[in-house]
Amino acid sequence: MIKMTNGLRYTGPIYRPPSEANSLLVQATIGCPWNKCTFCMVYKKGPKFKIRPVKEIKEDILWAKNYYGNSVKTVFFPSGNTIIMKTEDFVEILNYTKGLFPNLERITIYGSAQYILRKGLDDLKKIKKAGLSRIHVGLESGDDVTLKNVCKGSTKDIQIKSGKLVKQAGVELSEYIVLGIGGKKRTKEHISETVDALNKIDPDFIRIRTFLPKINTPILKDINDGSFQILSPLEIIKETYELIKNLNVTSKVYSDHYTNYIHVNGKLPEDRELMIQTVKNALNRNENSFRKIYIGTE
Ligand code: SF4
């Protein structure tokens with residue numbers, strides 16, 4: 001018996017992709033089980049990672065059904081790594097959600113490559129069958145040195161294998177990359193290895209973000225001691241140029257984030273020339289015409 005609650009209950013920061021702005025957000029997990037990425041501020045001050053009991057998650061879904069009725073079309077299950085939920089529990093949640101919302105079009109979550117790989121193809125297929133539409137994955141970079149420097153907890157090989165697994169299971173894949181995350185030292189390798197990883201995965205979506213230092217993050221120490229040098233806006237645009245020029249994918253590319261200096265959107269390969277033109281125009285701009293580098297708080 002699922003009891004009625006007074007509303008949706010959230011613990012700790014709740015982040016969701018911009019594309020899920022209109023989605024019902026039901027918290028399935030709290031925090032991030034990894035929580036070591038040096039550029040990420042989201043859960044650095046807690047809370048500790050926890051998987052919510054299935055019963056509680058169902059109570060929240062039932063509350064949403066009573067409040068929103070059949071208007072819910074998309075659902076996102078925060079927090080940082082809901083893919084880590086036990087498959088049978090997640091399947092139960094997905095089936096319950098599907099059963100309550102007849103007009104449901106999409107269910108999505110965040111998942112890191114290492115946890116996706118651990119889940120394996122059979123379980124990913126079960127989750128797909130139960131209704132998961134899309135996984136949002138932080139690739140960040142394809143460069144192993146950069147991934148190690150930022151403590152991502154995965155390698156290029158893990159990223160490629162897990163990306164392919166998601167696609168093989170029939171789940172849509174949204175890969176996030178961070179321009180400038182290699183710093184000045186690794187800019188060349190960061191872009192060439194990221195392009196290579198994305199070309200091997202060929203995800204449904206590639207979402208571009210730009211590195212912006214954030215409060216409470218370990219990478220601030222590297223910036224202060226000079227071991228990590230932040231790229232200038234035009235250096236970031238050059239990375240964008242190399243990325244768009246060399247991607248050999250059939251993905252939709254979005255720059256849907258406030259950290260980016262320019263917005264380059266389109267479907268590859270069809271829109272490549274238009275996208276390249278946008279980047280070339282930006283390369284002709286004065287360095288001072290772009291937003292300043294600052295320490296972000298969100
Ligand atoms: S970037 Fe993602 S995996 Fe890394 S600490 Fe932040 S939430 Fe966790």
Side-chain angles (χ1 to χ4, degrees), residues 10-20 25-52 76-85 90 108-119 134-163 165-166 173-183 190 194 197-198 201 203 205-223 228 256-260 295-298:
Y10 299 110
T11 304
I14 298 294
Y15 275 59
R16 47 102 187 121
S19 54
E20 302 300 336
L25 305 180
V26 177
Q27 187 161 23
T29 56
I30 293 165
C32 168
W34 178 247
N35 208 17
K36 290 188 184 130
C37 302
T38 64
F39 57 86
C40 172
M41 60 168 271
V42 183
Y43 309 107
K44 287 292 182 289
K45 288 186 142 187
K48 215 167 163 273
F49 179 71
K50 199 178 148 220
I51 299 172
R52 290 185 77 203
F76 179 74
F77 286 109
S79 265
N81 253 304
T82 291
I83 189 69
I84 213 166
M85 264 187 97
F90 194 35
T108 68
I109 55 166
Y110 282 130
S112 291
Q114 60 267 44
Y115 302 122
I116 291 171
L117 205 56
R118 224 179 274 172
K119 187 69 66 192
R134 184 182 301 167
I135 307 182
H136 298 270
V137 181
L139 173 76
E140 331 298 5
S141 174
D143 174 31
D144 277 340
V145 174
T146 297
L147 288 170
K148 188 159 181 271
N149 286 346
V150 301
C151 254
K152 186 64 202 168
S154 64
T155 59
K156 180 185 179 187
D157 188 51
I158 292 174
Q159 294 279 10
I160 294 170
K161 280 186 181 139
S162 70
L165 220 53
V166 172
L173 177 63
S174 190
E175 293 275 11
Y176 292 69
I177 62 146
V178 183
L179 297 170
I181 195 64
H190 166 50
T194 300
L198 288 170
I201 300 169
F205 305 93
I206 296 170
R207 292 192 144 95
I208 302 174
R209 276 82 184 99
T210 299
F211 173 68
L212 178 71
K214 303 277 178 67
I215 55 162
N216 302 320
T217 54
I219 204 168
L220 287 174
K221 184 185 154 291
D222 303 338
I223 294 169
F228 183 97
D256 51 349
H257 207 243
Y258 75 99
T259 53
N260 294 327
I295 296 186
T297 55
E298 57 179 335

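Whatever order the structure lists them in is the order used to number ligands and atoms, beginning at 1.
- A donor-acceptor distance shorter than 3.5 angstrom exists from the side chain of S141 to the backbone of D143, with no hydrogens or angles considered.
- Looking only at protein heavy atoms, the nearest one to atom 8 (Fe) of ligand 1 is C32 SG, 2.4 Å.
- Ranking the protein heavy atoms by distance from atom 6 (Fe) of ligand 1 puts C40 SG, 2.3 Å first.
- With a 4.5 Å cut-off on side-chain heavy atoms, V137 and Q159 count as touching.
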- Please report the C-alpha distance between D144 and K148 in whole Å, then the side-chain angles of each, then the deciding distance to 0.1 Å, and finally whether the salt bridge (Lys or Arg N to Asp or Glu O under 4.0 Å) criterion is met. CA-CA 6 Å; D144 277 340; K148 188 159 181 271; over 6 Å; no
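- Each of I219, T38, L220 was scored for a side chain to side chain contact (heavy atoms under 4.5 Å, CB included) with F228, with one residue passing: I219.
- When distances to atom 8 (Fe) of ligand 1 are checked against a cut-off of 2.8 Å, C37 contributes no N, O or S atom below that limit.
- Given atom 2 (Fe) of ligand 1, the protein heavy atom at minimum distance is K152 NZ, 4.2 Å.
- Taking CD1 of I109 as the start and CD of E20 as the end, the distance is 11.0 Å to the nearest 0.5 Å.
- Residue contact annotation: N35 has a non-hydrogen atom under 4.0 Å from ligand 1.
- Taken from CD1 in I84 to CD1 in I116, the straight-line distance is 11.0 Å, to the nearest 0.5 Å.
- A heavy-atom separation below 4.0 Å is found between Y43 and ligand 1.
- Contacts between S112 and ligand 1 below 4.0 angstrom, taking non-hydrogen atoms only, involve the side chain exclusively.
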